[in-house]
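Comments concern the structure below.
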There are 2 protein chains.
Amino acid sequence: MELRDIEIFLALAEELHFGRTAERLHVSQARVSQAIRTQERRIGAALFERTSRRVTLTPVGRRLREDLQQVHDLLQAALARAEAAGIGAGRTLKVGVFGHAGYELRPLIDAFRGRYPGSDVVFGEINGTEPFSALRSGEHDVNVLWLPVLEPDLTVGPTVLTGGRVLAVAAGHPLVERGTASLEDLADNMVVDFGPDAPEYWAASMVPVRTPLGRRIPRGPIARTFHEILSLVASGQCVQPLGEIAARYNNPPGIVFLPMPDAPDMNWALTWRSTADNAAIRALARTAADFEPIQL
Amino acid sequence: MELRDIEIFLALAEELHFGRTAERLHVSQARVSQAIRTQERRIGAALFERTSRRVTLTPVGRRLREDLQQVHDLLQAALARAEAAGIGAGRTLKVGVFGHAGYELRPLIDAFRGRYPGSDVVFGEINGTEPFSALRSGEHDVNVLWLPVLEPDLTVGPTVLTGGRVLAVAAGHPLVERGTASLEDLADNMVVDFGPDAPEYWAASMVPVRTPLGRRIPRGPIARTFHEILSLVASGQCVQPLGEIAARYNNPPGIVFLPMPDAPDMNWALTWRSTADNAAIRALARTAADFEPIQL
DNA sequence: GTACCTTACGAGATACGTAACCATC
DNA sequence: GATGGTTACGTATCTCGTAAGGTAC
């Protein structure tokens, strides 16, 4: 009987309802049925009496539940203790962010440091051209990326930031007069290209391929870093939608950030390589899950 | 951390040697290494210090070992209790045997009944033409079959009987004079065919396709039951090698059983459908494993 | 007919072995 | 170079979800 089976058994023993048990454990109802059946086969006795109306524990099941509840609690405690020791071992997490987003995350990081003494976080820089490479190379433990992130080797954790978009334009751009920009305006200007290394779907979620009216949005020169983007914009060659956060702590000469009221909000989430999952990363993710996403 | 990982961890914590741990758990050394590495990743701390010369527990590992040892013991006890309740629930195992082999198994069955009050065994008859069908249909829980049994859906448990072969011949057969038979003699006589339903490799382990000198052994008519075999032999149409046990409690008119000194011993083992594995079957298998195979 | 548990089947994930590799004595 | 732990990679097994099938009210 593997740990997963114990969890399913205990949850069902508590809920006495296959559907609710499945929901609680985020698995299908069929899975619960299969898992219980397998255990009953192995043990050689029914653990639950069930009709389509009622689910009840048999005497054997009742006894097993008491025993396994104790085992499960002890096991969780043991693992938690080991994890705590692991986190406390002084590993520092390197978290990749765009621009100055790390500043906004301070409440989260402070909470994390408070909860797990001995742990720490340092920030690294990421850019739009290769959003995942630092994760995959192991240089970063976690990246804060806008969603969606649909990479099979990456895990998407809790959302930590949410906010609208702004359009970066040159100071002399005609749109500056109007004071705001809309998605439709993009078709009349050239936007920066994130290059071939950035996944298409991901780049498109920042700058769509077409406007809401279906006009094609022209892509211009490739920019690797945030700085290069700003240079292209300042020179008047391009405009570029960016997360609202870019406008907060940047006041670059020759550039104006215009709000884009019709652009849907974007969400930034913690993301890490699934196989590099470890106690410190999970601890950070747990901490983040307890916070509401920071609203810009 | 699944139960399997706990077992590997505890075994390594005890042995402090990857090779011995692997041997003890009947897995590869690489598997032990992988399992420990995965847990260390998840926990975020080393559990063992290791060079190619020495393996020692880290403080985190030492603590985890104490905790998990307790958890593991409690879990095993809980499952054993549930299984005992399952076996005691009065299920009767139906065990298929050839001829009177059940009689020889009495010591084993008595021990099983003694160890697991409430359990019981009844015997059913099996034959060479369809050795596995009663298992697959669910009619029998366990069959006692001669080895090898190489069916992917069947589990082969402990060997319970071992013994030589005899050749059944008609009373007037020339070999009777000699008093014994050899494998070479088979080429000069026709043997019974188990029919197309019996797996080739399995039938061949009782009656090889060729003699040791390479002469082909001619197959005669198909016989379904043990009785039909004896009829064919008595009529002089065929001879037939059989397990020594066949000669013990059969004294059929017109048939003589001749020892076959050059035929290797055969082993009979408990066999069951892997998916129908349950507590009662495992209890019988455990009991059998504590006995030496009964020597005929 | 509706709520709800079970079974059948296929796809994806995981466990595991083999073999090559690397480190220590 | 012998012993012993690690890594890479392919395969078999298992887990789990979807969808269809029962069964009790």
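Values below: every heavy atom of this structure, side chains too, minus hydrogens, waters and symmetry copies. Protein chains get the first letters and strands the later ones, always in sequence-line order, with residue 1 at the start of each.
Computed from coordinates, the F48(B) CZ to dT6(D) P distance equals 10 Å when rounded to whole Å. For R41(B) and dT6(D), the CZ to P distance is 12 Å, given to the nearest whole Å. To the nearest angstrom, P of dC16(D) lies 6 Å from CZ of R4(A). What separates CZ of R31(A) from C1' of dA19(D) is a distance of 17 Å, to the nearest Å. Look at CE on M1(A): it is 16 Å from C1' on dT15(D), rounded to the nearest Å. Note: CZ (R20(A)) to C1' (dA3(C)) measures 12 Å, nearest angstrom. Rounded to an integer number of Å, the gap from CD of E23(A) to P of dG17(D) is 13 Å. The separation between E15(A) atom CD and dC5(C) atom C1' is 16 Å, rounded to whole Å.
In this structure, E151(A) pairs ionically with R136(A), as a charged nitrogen and a carboxylate oxygen lie closer than 4.0 Å. Between D120(B) and K94(B) there is no salt bridge, since no side-chain nitrogen of the basic residue lies less than 4.0 Å from a carboxylate oxygen of the acidic one. Taking the charged nitrogens against the carboxylate oxygens, E23(B) and R20(B) have no contact shorter than 4.0 Å, which rules out a salt bridge. Between R50(B) and E40(B) a salt bridge is recorded (basic side-chain N to carboxylate O distance below 4.0 Å). A salt bridge is defined here as a Lys NZ or Arg NE, NH1 or NH2 lying under 4.0 Å from an Asp or Glu carboxylate O, and D153(B) with R273(B) fails to meet this definition.
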Report, one pair per line, the protein and nucleotides 8-12 of chain C atoms (nitrogen or oxygen only) whose separation is under 3.5 Å.
{"unit_1": "dA8(C)", "atom_1": "N6", "unit_2": "Q34(A)", "atom_2": "NE2", "d": "3.3"}

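Using a 4.0 Å heavy-atom cutoff across all strands shown, S28(A) reaches at least one base atom of the nucleic acid. Looking at heavy-atom distances under 4.0 Å, R50(A) makes contact with sugar-phosphate atoms alone, never a base. Using a 4.0 Å heavy-atom cutoff across all strands shown, V32(A) reaches no nucleic acid atom at all.
In terms of position on DNA chain D, the residue among V27(A) and F18(B) whose nearest nucleotide sits closer to the 5' end is F18(B).
If you check dC5(C), dG4(D), dC16(D) against the side chain of H17(B), the one that comes closest is dG4(D).
For R53(B), no side-chain nitrogen or oxygen approaches OP1 or OP2 of dT24(C) to under 4.0 Å.
The closest side-chain donor-acceptor pair between R37(A) and Q34(A), if any, does not fall under 3.5 angstrom.
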Could you tabulate the donor-acceptor pairs under 3.5 Å formed by side-chain atoms of residues 67-81 of chain A, not counting sequence neighbours?
{"unit_1": "D67(A)", "atom_1": "OD1", "unit_2": "R81(B)", "atom_2": "NH2", "d": "3.3"}
{"unit_1": "D67(A)", "atom_1": "OD2", "unit_2": "R81(B)", "atom_2": "NE", "d": "3.2"}
{"unit_1": "D67(A)", "atom_1": "OD2", "unit_2": "R81(B)", "atom_2": "NH2", "d": "2.7"}
{"unit_1": "Q69(A)", "atom_1": "NE2", "unit_2": "D73(A)", "atom_2": "OD1", "d": "3.4"}
{"unit_1": "H72(A)", "atom_1": "NE2", "unit_2": "Q76(A)", "atom_2": "NE2", "d": "3.3"}
{"unit_1": "R81(A)", "atom_1": "NE", "unit_2": "D67(B)", "atom_2": "OD2", "d": "3.2"}
{"unit_1": "R81(A)", "atom_1": "NH2", "unit_2": "D67(B)", "atom_2": "OD1", "d": "3.3"}
{"unit_1": "R81(A)", "atom_1": "NH2", "unit_2": "D67(B)", "atom_2": "OD2", "d": "2.7"}

